[in-house]
Protein chains: 2
Amino acid sequence: MTTSDRPRGAALRQQVLDTALALFSQQGYFNTSIHDIRKEANVSIGAIYHHFGNKERLAKALYDNLLEAMAEEVANATAPHHGCLGQCRAVIAVLFQLSEQQPQVMQFVLMAKHREFLREEPPICSSRPFAAMRLILEQGIASGEVRNIEPWVAATAMFGGALRMMNLALDGVLTQPLDSYLDEVVECGWRAVQA
Amino acid sequence: MTTSDRPRGAALRQQVLDTALALFSQQGYFNTSIHDIRKEANVSIGAIYHHFGNKERLAKALYDNLLEAMAEEVANATAPHHGCLGQCRAVIAVLFQLSEQQPQVMQFVLMAKHREFLREEPPICSSRPFAAMRLILEQGIASGEVRNIEPWVAATAMFGGALRMMNLALDGVLTQPLDSYLDEVVECGWRAVQA
DNA sequence: GTCTATAATCCGATAGAC
DNA sequence: GTCTATCGGATTATAGAC
């Protein structure tokens, strides 16, 4: 305890990111001070500012990392599938899994209002994973698997229910694990858009 | 200008609420100081604290007022309808209208993360309008109009797409007015759940 | 009820030693 | 790179006159 268990270098940087994620997702960005992070991560204020410059850039680094990782997960999940339904199901399945296994990540990446603290950030619907989801529906329309409706409507119809279920799960409203609803949620989304 | 155009009494109170809504919805709760509200509303700090006690109670008063009003709008919209589809359509129609006519209200009531600044507030999905939406689907299941699926799944499938479309509209992503998507959105939601 | 002036606190960020 | 100590500023809230 006394003899500096403190991380250093890259490990320190990661420790700060992990702690920031935990606190931001639990309390929100504005309810979390740099001092809170310093204390919880067992590092110094100076180290945090050395690595990240300021509080907003810390949040941005965290957001970029996690969003990119999520985009990768989504891309990997859909890769094996070629049909529109299969891809949609894979996306929802991986999002549900992430919501259960890394709820803090989903809370921070999908449910937070980033634009309140990351002033220059575009809306999340234009980010990589969401663009991928919209593209899947556009391709489904092109191939005739999906009805010929407005692409935004198709994407929100297919995934809107799933996203709201994730919201409920993260808010602790659901009694059953999210995975147990997967089949029904996919079925509903697909019925909404299928040709 | 000089001779005190300032509101007083109940008018002052409402002026503060209106200004708080505008600033909270545009900048977020934490990016808005009491002094910002004081300045924009053309009232004194003392008056604000006299009427509301503190910043959080101001936000709570605003939230309660607007949520209650929205619940009323939803209730009034559904009242003339008896079938499940008609009620669902009426709910989405009124939510779309409110999103266009009072975007700040929808931004603050539906899209903000209240629990970050209203610590004791339950999740919004348990609020009156959302409970009403879920009830409509439960009744639809009971009457056989809706497939026999988990009520949460049914409610999120029916309304999740519409809520995401509202999100897109409020983020300025959509080019067309929200109303123009109404038919397709309702159609998708209903296909998702209909028996 | 409304006002101004100010108190008390907290926070983000920096300085400078090591 | 990491640390501690501290600064400057902003914010919430209060005090007390009117």
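Each chain gets a letter, A, B and so on, in the order its sequence line appears, and its residues count up from 1. Side chains included, hydrogens not; waters and symmetry mates left out as well; all remaining heavy atoms used.
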*Which of the following nucleotides, D:dG1, C:dG1, C:dG12, is nearest to the side chain of B:His50?*
C:dG1
*Output the single nucleotide from C:dT2, C:dG12, C:dA13 whose closest atom is nearest the side chain of B:His51.*
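Out of C:dT2, C:dG12, C:dA13, the nucleotide with an atom closest to B:His51's side chain is C:dT2.
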Using whole Å, what does the distance between atom [atom2] of nucleotide [N] and atom [atom1] of [X] come to?
X	N	atom1	atom2	result
B:Asn31	C:dG12	CG	C1'	14 Å
B:Gln15	C:dT2	CD	P	12 Å
A:Phe52	D:dT2	CZ	C1'	14 Å
B:Lys39	D:dA10	NZ	P	12 Å
A:Arg57	C:dA13	CZ	P	9 Å
B:Ile34	C:dT9	CD1	P	19 Å
A:Ile37	C:dG12	CD1	P	8 Å
A:Tyr49	C:dC11	OH	P	11 Å

*asked:* Pick the closest DNA chain D nucleotide for B:Glu56 and for A:Ala10 by heavy atoms, then say which residue is nearer the 5' end.
replied: A:Ala10
*With a 4.0 Å cut-off, would you call A:Glu138 and A:Arg134 a salt bridge?*
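Yes, charged N to carboxylate O under 4.0 Å.
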_Pair B:Arg119 + B:Glu56, salt bridge at N-O below 4.0 Å_ =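 Result for this pair is no, no salt bridge flagged.
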Nucleotide N/O to protein N/O under 3.5 Å, stretch nucleotides 3-7 of chain C:
residue : atom : partner : partner atom : Å
C:dC3   : OP1  : B:Arg6  : NH1          : 2.6
C:dC3   : OP2  : B:Ser44 : N            : 3.0
C:dC3   : OP2  : B:Ser44 : OG           : 2.6
C:dC3   : O5'  : B:Ser44 : OG           : 3.4

*Is the NZ or CZ atom of B:Arg89 both under 6.0 Å from the centre of the six-membered ring of B:Trp190 and within 45° of that ring's axis?*
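Judged by the rule, B:Arg89 and B:Trp190 form no cation-pi pair.
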*Give a yes/no verdict on a cation-pi contact between A:Lys55 and A:Tyr29, requiring under 6.0 Å between NZ or CZ and the six-membered ring centre and an angle within 45° of the axis.*
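Yes, A:Lys55 sits over the ring of A:Tyr29.
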*In terms of hydrophobic clustering (I, L, V, M, F, W, Y; side-chain heavy atoms under 4.5 Å; direct or indirect links), are A:Met106 and A:Val173 co-clustered?*
yes
*asked:* Can you see whether B:Thr32 engages B:Gln27 through a side-chain donor-acceptor pair at a distance of less than 3.5 angstrom?
replied: yes
_Residue whose closest nucleotide on DNA chain C lies nearer the 5' end, A:Asp36 versus B:Gly9_ =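 Its nearest nucleotide being more 5', the pick is B:Gly9.
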_Gap separating the CG atom of B:Leu170 from the CG atom of B:Leu178, nearest 0.5 angstrom_ =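 Reported to 0.5 Å precision, the distance equals 8.0 Å.
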